[in-house]
Amino acid sequence: MAEAILIIDDDKDITKLLRIYLEAEHYEVHLAHDGEEGLNMLKRHSVDLIILDVMMPKKDGILVCREIRQDNQTVPILMLSAKAEDMDKIFGLTTGADDYLIKPFNPLELIARVKALLRRSGYLKSNSPKEGLIYGPLVINKQNHTVSIDDTPLKLTSIEFDILCLLCSKPGRVFSSEDIFQLVWNEQEIYSSKTVMVHISNLRAKLDRVLKGEKMIVTVWGVGYKIDY
């Protein structure tokens with residue numbers, strides 16, 4: 001069965017072009033041209049990935065991303081924007097997006113990003129062992145894609161979940177941001193330390209909130225990150 005992708009973008013020329021490229025890769029494609037239509041379509045269709053524009057009428061992509069994350073923490077979200085400034089990118093990622101692409105973009109690069117996000121998501125669904133991973137107060141169920149601390153569930157995005165699994169797989173080992181990017185995103189040519197930093201920051205904040213100030217993810221300055229409890 002073909003993987004389904006929802007494109008939410010008010011630029012009909014872009015949505016038509018992306019549909020051609022994605023269908024050529026044998027994906028099932030759904031289109032929505034504003035934020036409200038996109039959210040309504042999600043109620044009717046099960047999708048494996050969302051391509052979401054930032055600037056749209058009725059409801060912009062930032063608000064749409066936040067609403068999606070309230071109900072679905074795992075579906076990969078690739079955000080599109082005409083803004084190239086670093087702070088815009090970081091702000092987009094803090095809303096729960098998994099990746100970010102600046103317009104204008106090469107459609108082949110977008111396809112590569114889509115494949116990388118779906119590959120990681122599909123690997124977790126099909127190849128993760130049934131048994132959970134336990135580290136300190138953390139209980140990670142890879143099959144169900146759930147995390148809890150002392151029976152308190154954590155809502156993590158798919159990227160945050162992958163990073164946590166990676167760090168917990170080798171407690172005490174320091175992973176550089178480049179290591180994390182290559183192992184989690186499975187990409188080399190688009191490496192971004194700022195992207196890793198934002199996702200680590202979001203993950204750390206969620207863990208610290210439940211742990212009530214106790215630190216679990218440690219920054220080793222100039223080297224990388226490790227989990228140590």
Side-chain angles (χ1 to χ4, degrees), residues 65 69 72-79 86-87 89-100 113 115-229:
C65 187
R69 285 293 179 239
N72 190 325
Q73 293 292 319
T74 62
V75 63
I77 298 177
L78 172 61
M79 293 196 82
D86 281 344
M87 287 310 297
K89 180 171 184 176
I90 290 171
F91 183 61
L93 290 171
T94 57
T95 65
D98 296 285
D99 202 356
Y100 196 102
R113 302 280 187 101
K115 287 182 176 180
L117 289 169
L118 287 172
R119 186 163 55 242
R120 186 183 61 254
S121 177
Y123 177 83
L124 283 170
K125 290 177 183 176
S126 62
N127 296 314
S128 295
K130 292 184 178 181
E131 62 273 13
L133 173 63
I134 299 175
Y135 177 72
L138 272 175
V139 177
I140 302 173
N141 187 311
K142 293 184 177 181
Q143 186 179 45
N144 296 331
H145 212 275
T146 59
V147 180
S148 64
I149 295 179
D150 294 331
D151 297 325
T152 300
L154 270 69
K155 288 187 175 182
L156 302 183
T157 67
S158 60
I159 288 282
E160 291 163 1
F161 184 87
D162 289 1
I163 292 173
L164 184 61
C165 287
L166 175 63
L167 296 178
C168 286
S169 70
K170 296 185 182 296
R173 171 181 165 179
V174 180
F175 290 86
S176 70
S177 17
E178 187 170 4
D179 288 338
I180 293 171
F181 194 89
Q182 291 177 7
L183 291 167
V184 172
W185 278 260
N186 200 22
E187 295 287 340
Q188 294 181 333
E189 66 276 9
I190 56 173
Y191 164 64
S192 168
S193 62
K194 288 188 175 68
T195 297
V196 174
M197 178 189 70
V198 170
H199 285 290
I200 287 281
S201 177
N202 293 342
L203 173 59
R204 179 185 277 140
K206 292 178 180 180
L207 292 171
D208 290 353
R209 197 175 302 124
V210 178
L211 290 168
K212 298 180 180 178
E214 292 186 73
K215 302 299 181 185
M216 183 168 278
I217 295 179
V218 178
T219 300
V220 181
W221 295 107
V223 183
Y225 307 93
K226 68 176 180 176
I227 195 156
D228 190 7
Y229 185 80

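All values below come from the heavy atoms of this structure, side chains included, with hydrogens, waters and symmetry mates left out. This chain uses plain numbering: 1 for the first residue, then up along the sequence.
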Are side-chain heavy atoms of [X] and [Y] found at a separation under 4.5 Å?
X      : Y      : value
Val223 : Ser176 : no
Leu138 : Leu164 : yes
Phe175 : Leu183 : yes
Thr219 : Arg204 : yes
Ile77  : Arg69  : yes
Val210 : Lys206 : no
Leu78  : Asp98  : no
Leu211 : Met216 : yes

Rounded to the nearest 0.5 Å, how far apart are [atom1] of [X] and [atom2] of [Y]?
X      : Y      : atom1 : atom2 : answer
Ile149 : Leu207 : CD1   : CG    : 5.0 Å
Met197 : Ser177 : CE    : OG    : 9.5 Å
Leu167 : Leu203 : CG    : CG    : 7.5 Å
Thr195 : Ile200 : OG1   : CD1   : 12.0 Å
Ser201 : Glu160 : OG    : CD    : 9.5 Å
Ile163 : Cys168 : CD1   : SG    : 12.0 Å

Heavy atoms of His145 and Ser158 approach each other most closely as CE1-CA, 3.9 Å
For Ala97 and Cys65 the tightest heavy-atom approach is N-SG, 3.7 Å
- Is a side-chain N or O of Gln182 found less than 3.5 angstrom from the main chain of Asp179, in a donor-acceptor match? no
Only residue of Tyr100, Tyr225, Trp185 satisfying ring pair (Phe, Tyr, Trp, His ring centres under 6.0 Å) with His199 is Trp185
